[in-house]
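Below, chains carry the letters A, B, ... as their sequence lines are ordered, and counting in each starts from 1.
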Amino acid sequence: MTHTAETLHTVTLTVNGAERSAQCTARWSLADFLRHELGLTGTHLGCEHGVCGACTVLVDGKSVRGCLMMAVQANGAEVRTIEGLARDDGPLSALQKAFADHHAVQCGFCTPGILMTLVEVLGDTPDIDEREMREALSGNICRCTGYQNIVDAAMAAAKACR
Amino acid sequence: MKPGPFRYHAPRALEEAIGLLSEYGNAKLLAGGQSLMAMLNLRYVMPDDVIDINGLPDLAGISVTDDLIEIGSMTRQRVIEHDAALMRAAPIFRDALTHVGHLQTRNRGTIGGSLCHLDPAAELVALCMLYDATLTVSGKAGERRLPMAEFPAFYMTPSLMPDEILTRITLPRWTEKHGHGFVEFARRHGDFAIIAVGVLLALDRAGNVARCAIVIGGAGAAPLRLKSAEALLIGQRPDPDILAQASATAREIDAMDDNAYSADYRRHLAGVLTGRALRQAVECAA
């Protein structure tokens, strides 16, 4: 099968509250679609096989690996990415601020995936304890921070949201 | 790290999906995608056609009755993890599911996908073997049911005809009071298990073992029921000596030998983890 024979699919979805539409072949991942077709480069690709968590976005309220979903599978879905946590010109969200306050960001590569995971986790279990928090964050790798500041920031955000 | 080209199909009815499988010889079904998409990205697999069954109705859902637990093949692992009725009926599922990938992969991953992928270390596959599940599959020739013991054919290959789709998993409940144990060892939490052991154990009024099931995952291509240990335990008080005897049989199993871990190491782990899982089950069986 040659590249030129590939069908272009139109993918229409809601991203951060706005309807977006673009075309891609079936083999485009949701992460690549968000980055290259929609210009939302806050979602990062670390491993492309589902283990690092850098590509985590919310699809219909659930945190998922953007590298393990095809864009065509998100047709009609509601997607939230890191860009949706705050306006470009606006203040940081409470969650983002907690990360800034606790120095939980160094290079920032893992951060969007962690924040989007936390949006789901804090929404589901606002009274989460530290052990559960570490478990919930275990699907996101960070090479820089050693995790402690991330856990502190996440727990502080949980407390602030309660 | 991008897939090769393929045609994408999104059938809306089971018959349509079966028809597509029959028509296309080099096709893969896409369920949760948490295994298949990684394989596609790494080009471990290069199908000409990907048949996305996420749009098929009625394949997801959990039903718990007095005797049976029925789980639709497309039920998300995270949904299973949070189903209160299932957790009451079969609490071992919660213990096992915390080891299945991570919460993000469990949001998409399905029980049917895990079963059909048949990774030797898959916890859900091991649990279905522990419970002697019955699997319902549908194909061109219609619907059939097969026992879990007959489901694995070869390494990562289920006993399915090319046009067949797994639709439902039926687990007979352990209706008597019983305990459960689930222990797994992996190098990092969330990694594939090197060895996982699941135990269900019921005691009679005298405190002797009335019924026991032990499954070892990760040792061979398919999860292994430790029948000799199960038989050994029946009618016995679950004292440390007897549990040690039962665990010792786990050290005799056939185990895979590969670049990562030797057969000896897997056998050693099987022995140790069987002991721990048995102790867990005995503790909550009373």
For [X], is the [atom1] atom crowded, meaning more than 12 foreign heavy atoms sit under 6.0 Å from it?
X	atom1	answer
A/Q106	CD	yes
A/R162	CZ	yes
B/Y44	OH	no
B/D58	CG	no
B/K2	NZ	yes
B/N259	CG	no
B/R43	CZ	yes
B/Y24	OH	yes

Roughly how far apart are [X] [atom1] and [Y] [atom2], rounded to 0.5 Å?
X	Y	atom1	atom2	value
B/R108	A/K62	CZ	NZ	12.0 Å
A/I141	B/R188	CD1	CZ	6.5 Å
A/H49	B/Q34	NE2	CD	12.5 Å
B/L40	A/S29	CG	OG	11.5 Å
B/T105	A/L68	OG1	CG	8.5 Å
A/D32	B/M1	CG	CE	11.5 Å

Tell me, for A/V121 versus chain B, whether the close heavy atoms (under 4.5 Å) come from the side chain, the backbone, both or neither.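 Side chain only.
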Can any side-chain N or O of B/N41 pair as donor or acceptor with the backbone N or O of A/C67 at less than 3.5 Å?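 Between the backbone of A/C67 and the side chain of B/N41 there is a qualifying donor-acceptor contact (under 3.5 Å).
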Judged by atom type as modelled, is there a donor-acceptor pair below 3.5 Å linking the side chain of B/H102 to the main-chain atoms of A/S138?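 Side chain of B/H102 to backbone of A/S138: a pair is present.
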Counting only non-hydrogen atoms closer than 4.5 Å, does B/L30 touch chain A with its backbone (N, CA, C, O), its side chain (CB onward), both, or neither?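 The side chain, not the backbone.
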Reference residue B/M37; test side-chain contact (heavy atoms from CB on, under 4.5 Å); the match among A/R27, A/R65, A/M70: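 Among the candidates, only A/M70 passes.
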Heavy-atom check, side chain of A/V72 versus side chain of B/D52, under 4.5 Å: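 No; the side chains remain at least 4.5 Å from each other.
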With heavy-atom distances below 4.5 Å as the criterion, would you say the side chains of B/L103 and A/S63 are in contact?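 Side chain of B/L103 against side chain of A/S63, heavy atoms only: contact under 4.5 Å found.
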Heavy-atom pairs under 4.5 Å with chain B - which of A/M69, A/H9, A/Q73 has more of them than the others?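 The residue among A/M69, A/H9, A/Q73 with the greatest pair count is A/Q73.
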